[in-house]
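Both ligands and their constituent atoms are indexed starting at 1 by order of listing. We count residues from 1, following the sequence as given.
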Amino acid sequence: MAQTAPLIPRLVASSIAIANRAGEIIRNVMSKGDLGIVEKTGKNDLQTEADRSAQRCIITSLSKQFPSITIIGEEDEPSDSPVPSDWVVSEVDQDILRLECPDNLQQVSAEEVVVWVDPLDGTSEYTQGLLDHVTVLIGIAVGNRSVAGVIHQPYYNYQKENEPLGRTIWGIRGVGVGGFEPKAAPEGQRIITTTRSHSTPEVQATLDAMKPDNILRVGGAGHKVMLLIEGKAHAYVFASAGCKRWDTCAPEAILVALGGKLTDMHGKEYSYDKNTPFPNKGGVLATGKGENHEWYLEKVPEAIRKKLV
Ligand SMILES: Nc1ncnc2c1ncn2[C@@H]1O[C@H](COP(=O)(O)OS(=O)(=O)O)[C@@H](OP(=O)(O)O)[C@H]1O
Ligand SMILES: [Mg+2]
Ligand SMILES: [Mg+2]
Ligand SMILES: [Mg+2]
């Protein structure tokens, strides 16, 4: 069975097992208490031991199983640093290998695949103990399109007793999603989710123009898209640069597999080609299934949109 499944389901099946291991590593770093925080170049842009270790686990495991694919990770890491053997994952999620794969994904070759890895999305929230904002993101692109993705939430249920800790969501365009129960956002309201740690006057002015009933300010692109697909928000609006391709590749694939949309503030889909510059300079607008994406685009103040190129 494992040998006969096409490459994309095999990549998703492996990414689920790898993201689960990365999540354990993230929890272990937190329970040991020494986060090893480093400030990167941007404003409020942090890296911890958990970001570094989770990325080494993910990239080493994926490249061992799929030597010919291109993998782009958020963190700069020396490629020759030793990786503990128990971080190298060889398990796969067997259920994914049994899925029916659409024709356009049957013949994809390893050379066409780019995997965008955000080992820990929501780092600033992780350091502040807002643990349910944290996700591990593995996005799979073919050519310039994001086609599949995995979002792992290492702290899902962490405040509940007797419930399994952590969960992993997956989606493949044209196949479907799994690992959670999709839900539509409430009718007759407009709930918008946005950044909690990277707001600017432009981000706020754009939100104001959309006259939301409620704004959910949370960390992480992965967590914000989870709010859309679980029916807690109608749109994710971030009218600023700062978010990167590894933040959006996996969430976009899952959102689109469910009938939603993710674009920049001009309505243009991001390219996930391996040579593309990684900043999402046009901002992020994501909407759930059935939402009028165009309506949100039209509300973006022209002067703000013009700056997002
Ligand atoms: N201005 C700026 N500078 C540096 N990094 C930035 C910026 N804006 C967003 N980001 C990164 O994008 C990820 C999600 O951030 P936020 O939770 O603030 O939300 S948003 O999607 O950008 O609205 C999150 O990714 P991680 O670095 O993986 O945690 C942010 O660090
Ligand atoms: Mg970061
Ligand atoms: Mg991120
Ligand atoms: Mg990150």
Side-chain angles (χ1 to χ4, degrees), residues 19 22-23 25-26 29 35-59 72-77 115-139 149-155 192-204 206-207 210 212 215-228 233 235-252 255 262-265 270 278-287 296 300 304 307-308:
I25 292 169
I26 290 169
V29 171
L35 298 189
I37 300 173
V38 173
E39 274 207 55
K40 300 203 282 189
T41 45
K43 170 182 163 267
N44 198 3
D45 198 7
L46 307 177
Q47 186 200 65
T48 70
E49 187 53 38
D51 300 67
R52 296 185 285 275
S53 299
Q55 176 160 307
R56 282 161 71 204
C57 158
I58 297 167
I59 292 191
I72 304 174
E74 174 179 0
E75 312 303 342
D76 284 334
E77 268 293 301
V115 178
W116 292 88
V117 176
D118 187 340
L120 197 166
D121 185 45
T123 305
S124 131
E125 287 71 24
Y126 176 72
T127 64
Q128 295 167 28
L130 294 167
L131 299 177
D132 52 336
H133 299 211
V134 171
T135 61
V136 175
L137 304 176
I138 304 179
V150 168
I151 301 180
H152 171 69
Q153 297 177 293
Y155 291 101
I192 300 185
T193 182
T194 192
T195 185
R196 69 169 277 288
S197 45
H198 298 98
S199 199
T200 63
E202 287 82 7
V203 165
Q204 189 55 46
T206 305
L207 293 169
M210 294 172 180
I215 299 178
L216 306 177
R217 296 179 198 277
V218 304
H223 181 46
K224 284 191 265 295
V225 170
M226 287 300 314
L227 294 181
L228 298 186
Y236 161 13
V237 181
F238 183 61
S240 175
C243 195
K244 320 282 187 327
R245 294 297 198 273
W246 44 74
D247 293 306
T248 48
C249 186
E252 178 180 336
L255 184 66
L262 189 149
T263 67
D264 66 12
M265 288 295 155
Y270 280 111
F278 49 77
N280 291 345
K281 279 190 177 169
V284 177
L285 173 65
T287 49
Y296 290 91
V300 181
I304 294 175
K307 286 214 245 166
L308 293 169

Atoms in ligand 1 with a heavy atom of A221 nearer than 4.0 Å: 14 (C)

Selection from H198, K224, H133 by shortest heavy-atom distance to atom 19 (O) of ligand 1: K224

For ligand 1, the portion of R196 having any non-hydrogen atom under 4.0 Å away: neither

Polar side chain donor-acceptor pair, E49 to S53, under 3.5 angstrom: yes

T123 contact mode with ligand 1 (heavy-atom cut-off under 4.0 Å): both

Charged tip of K244 within 45° of F278 ring normal and under 6.0 Å: no

Set of residues satisfying salt bridge (charged side-chain N to carboxylate O under 4.0 Å, His left out) with respect to R245, sequence neighbours excluded: none

Residue-ligand contact L120/ligand 1, heavy atom below 4.0 Å: yes

R52 side-chain N/O to G36 backbone N/O, donor-acceptor pair under 3.5 Å: yes

Protein heavy atom at shortest distance from atom 27 (O) of ligand 1: E74 OE2, 3.1 Å

Ligand 1 contacted by K244 (non-hydrogen, < 4.0 Å): yes

Donor-acceptor pair, side chain of N44 and main chain of S197, under 3.5 angstrom: yes

Test item: H198 side-chain N/O and G242 main-chain N/O as donor-acceptor pair under 3.5 Å: no

Donor-acceptor contact below 3.5 Å, side chain Y270 vs main chain N280: yes

Whether W246 lies under 4.0 Å from ligand 1, heavy atom: no

Heavy-atom donor-acceptor pair, D121 side chain to V136 backbone, under 3.5 Å: no

Shortest non-hydrogen contact from Y155 toward I26: OH-O, 3.7 Å

L137 CG to D118 CG distance, which is reported to the nearest 0.5 Å: 5.0 Å

Which of the ligand 1 atoms, numbered from 1, are nearer than 4.0 Å to a heavy atom of D247: 12 (O), 13 (C), 25 (O), 28 (O)

Nitrogen or oxygen of D121 less than 3.5 angstrom from that of ligand 1: yes

For K40, all residues meeting side chain to side chain contact (heavy atoms under 4.5 Å, CB included), sequence neighbours excluded: D45, Q47, E74, E75

From CD1 (I192) to CD1 (I215), nearest 0.5 Å: 6.5 Å

E125 N/O under 3.5 Å from ligand 1 N/O: no

Numbered atoms and elements of ligand 1 in range of G219, under 4.0 angstrom, heavy atoms: 17 (O)

T193 side chain vs L216 backbone, donor-acceptor pair below 3.5 Å: yes

Closer than 2.8 Å to the Mg ion (ligand 2) - protein N, O or S atoms, ordered by chain and residue number: E74 OE2

S124 N/O to ligand 1 N/O under 3.5 Å: no

Residues which pass side-chain hydrogen bond (donor to acceptor under 3.5 Å, both in side chains) with T135, listed by chain and number, not counting sequence neighbours: none

Heteroatom distance test (T194, ligand 1): nitrogen or oxygen, under 3.5 angstrom: no

For atom 17 (O) of ligand 1, the protein heavy atom that lies nearest, with its residue and separation: G220 N, 2.6 Å

Part of T195 with heavy atoms under 4.0 Å of ligand 1, whether side chain, backbone, both or neither: both

N or O pair under 3.5 Å between L46 and ligand 1: no

Nearest option to atom 11 (C) of ligand 1, as decided by whichever heavy atom of G242, A239, S240, G222 sits closest: G242

Short side-chain to backbone donor-acceptor contact, H133 and G219, under 3.5 Å: yes

Numbering as shown, the atoms of ligand 1 that approach D118 to under 4.0 Å (heavy-atom distance): 28 (O)

Inter-residue atom distance I25.CD1 - I58.CD1, 0.5 Å rounding: 8.0 Å

Which of the ligand 1 atoms, numbered from 1, are nearer than 4.0 Å to a heavy atom of Y236: 20 (S), 21 (O), 23 (O)

